Amino acid sequence: MERVSTGIQELDRFIGGGYPRGKSVLITGSAGSGKTIVAIHFIHNGCTAGKKCVYIATEEELEDILYQAESIGHDVRKYYDSGQLKIIKLYEERAYTTIQTMSLGFEKIDSLQSDIVSLVEKIPKDAELVVIDNLGVFTLNMSMDEFRKQLDTLNLLLAKQGYTSLYIMDDTSNKRTQGVAAYSAYGVIRLVIEENPYTSMRERHLEVAKMRSTSVSLESYTFDITSDGIAIVKKKGVWSL
């Protein structure tokens, strides 16, 4: 199976060379665990390799994403300016639509954040890499069964177009939907913040919970977020990614 680099050298090694091409991988974790940083590595690496990339932002403004990328040494602004990277400002679109809808006296706006399948229509046909950050916002007014059906459909449509996709999903939404997204996705990577019982220091950990067609370790890897991006820490020294 062909692979697409995660943009993180050691993570590539952990999962057989990168994300499976044309498949979807779910990245889950709590707030501040590094989910968006993992996505930025993927998009930045894809852009530098000349690939057409799409970032669907459901809960952050455009400038916030660009600034975050700059802050970890993975500036993607020039790719956005050139059109190689398309950032779909769904967060801003939803906010403006909600304001307009409410100004007209309509109270029901649930449908604005309950249509996952329609995201496919926003992605250019010539795109290769896609990030949806955060998938969890679509689950607020959706049953677990409906979410699973829509996500399965989204997976099928993205795969038919040959897109390699990352779904970012917060822990709260993942628990609310009882983790069903993990069954739909081809792979699952979990990010966790927990206290080290020996040092009493809080640490970030990465674990590959699932990656089909790939032999993976059940080991949990400690990592830091630095000015150069993610660095996975081992007992002696640091793997800079």
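FYI, the numbering just counts along the sequence from 1. Computed from a predicted model, the values in this text were never measured in an experiment.
T6 contributes no side-chain N or O that, together with a main-chain N or O of G18, makes up a donor-acceptor pair within less than 3.5 Å. The main-chain N or O of V180 is never found under 3.5 Å from a side-chain atom of T177 such that the two would form a donor-acceptor pair. Not one N or O on the side chain of E195 forms a donor-acceptor pair closer than 3.5 Å with the backbone of R202. Without hydrogens or angle criteria, Q84 side chain to K51 main chain gives a donor-acceptor distance under 3.5 Å. Of the possible donor and acceptor atoms, none in the side chain of K210 sits under 3.5 Å from a partner among the backbone N and O of I189. Between the side chain of K23 and the main chain of Y186, no donor-acceptor pair closer than 3.5 Å is present. Looking at R77, its side chain never comes within 3.5 Å of a backbone N or O of A69 through a donor-acceptor pair. T226 contributes a side-chain N or O that, together with a main-chain N or O of G229, makes up a donor-acceptor pair within less than 3.5 Å.
Shown are D64, T58, L62; of these, the side-chain contact (heavy atoms from CB on, under 4.5 Å) with E60 is made only by D64.
Counting heavy atoms from C-beta outward, Q161 and K125 have side chains that approach closer than 4.5 Å. Side-chain atoms of I230 and L206, non-hydrogen and from C-beta on, never get closer than 4.5 Å to each other. Side-chain contact between N45 and V4: absent, with no pair of heavy atoms (C-beta onward) separated by less than 4.5 Å. Taking 4.5 Å as the limit, some side-chain heavy atom of L90 sits within range of a side-chain heavy atom of L119. You'll find the side chain of L157 stays beyond 4.5 Å of the side chain of Y163, heavy atoms only. Inter-residue side-chain proximity for R212 and P20 is flagged as unmet; no heavy-atom pair is nearer than 4.5 Å. Side-chain contact between I40 and Q68 is present, with heavy atoms from C-beta onward closer than 4.5 Å. For the pair I132 and I168, the minimum side-chain heavy-atom distance is 4.5 Å or more.
The distance from the CD atom of E194 to the CG atom of N196 is 8.5 Å, given to the nearest 0.5 Å. We find the SG-CG distance between C53 and L129 to be 4.0 Å, quoted to the nearest 0.5 Å. Rounding to the nearest 0.5 Å places CG of D81 at 8.0 Å from CG of L66. Atom NZ of K89 sits about 10.5 Å away from atom CD1 of I65, to the nearest 0.5 Å. The structure places CG of L151 at 7.0 Å from OG of S24, a figure rounded to the nearest 0.5 Å. Between the CG atom in L26 and the OG atom in S165 there is a gap of 12.0 Å [rounded to 0.5 Å].
Summarising the geometry of A39 relative to L166, their closest heavy-atom pair is CA-CD1, 4.0 Å, with the distance given to 0.1 Å. E128 and R21 make their closest contact through OE1-NH1, 4.4 Å (heavy atoms, listed as atom of the first residue, atom of the second, distance). For the pair Y19 and V38, the tightest heavy-atom approach, listed with the atom from each and the gap, is OH-CG1, 3.6 Å. Taking each heavy atom of K52 and G83 in turn, the nearest pair found is CE-O, 3.1 Å. Looking at every heavy atom in both residues, A181 comes nearest to N174 through CB-OD1, 4.4 Å. Among all heavy-atom pairs drawn from H41 and D228, the shortest one is CE1-O, 4.4 Å.
In the hydrophobic clustering of ILVMFWY residues, with side-chain heavy atoms under 4.5 Å counting as a link, V192 and I8 come out apart. Taking hydrophobic clusters as Ile, Leu, Val, Met, Phe, Trp and Tyr residues chained together by side-chain heavy-atom distances below 4.5 Å, V117 shares a cluster with M169. Note on I116 and M144: same hydrophobic cluster, where clusters join Ile, Leu, Val, Met, Phe, Trp and Tyr whose side-chain heavy atoms are under 4.5 Å apart, directly or indirectly.
Using a 3.5 Å distance cut-off with no hydrogens or angles, the side chains of S184 and D152 do pair a donor with an acceptor. If you check the side chains of N155 and Y167, you find a donor sitting under 3.5 Å from an acceptor. With hydrogens and angles left out, the side-chain atoms of D12 and S5 include a donor and acceptor closer than 3.5 Å. Under 3.5 Å, the side chains of T214 and R3 contain a donor-acceptor pair of N or O atoms.
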Steps toward side-chain contact (heavy atoms from CB on, under 4.5 Å) verdict (D133, I56): CA-CA 6 Å; D133 182 9; I56 300 177; over 6 Å; no

Pair K86-I123, side-chain contact (heavy atoms from CB on, under 4.5 Å): steps then yes or no: CA-CA 9 Å; K86 180 175 182 179; I123 303 172; over 6 Å; no

Test log, rule side-chain contact (heavy atoms from CB on, under 4.5 Å), inputs L135 and F147: CA-CA 10 Å; L135 191 64; F147 174 62; 4.1 Å; yes

Test log, rule side-chain contact (heavy atoms from CB on, under 4.5 Å), inputs H205 and I193: CA-CA 6 Å; H205 296 269; I193 300 177; over 6 Å; no

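The salt bridge (Lys or Arg N to Asp or Glu O under 4.0 Å) pairs that include a residue from residues 170-191 are R190-E207, where partners are two or more places apart or lie in different chains.
Atom NZ of K149 has 12 or fewer neighbouring heavy atoms from other residues, nucleotides or ligands inside a 6.0 Å radius.
Ring geometry for F14 against Y221 counts as parallel: the plane angle stays under 30°, on a 0 to 90° scale with 60° as the upper cut.
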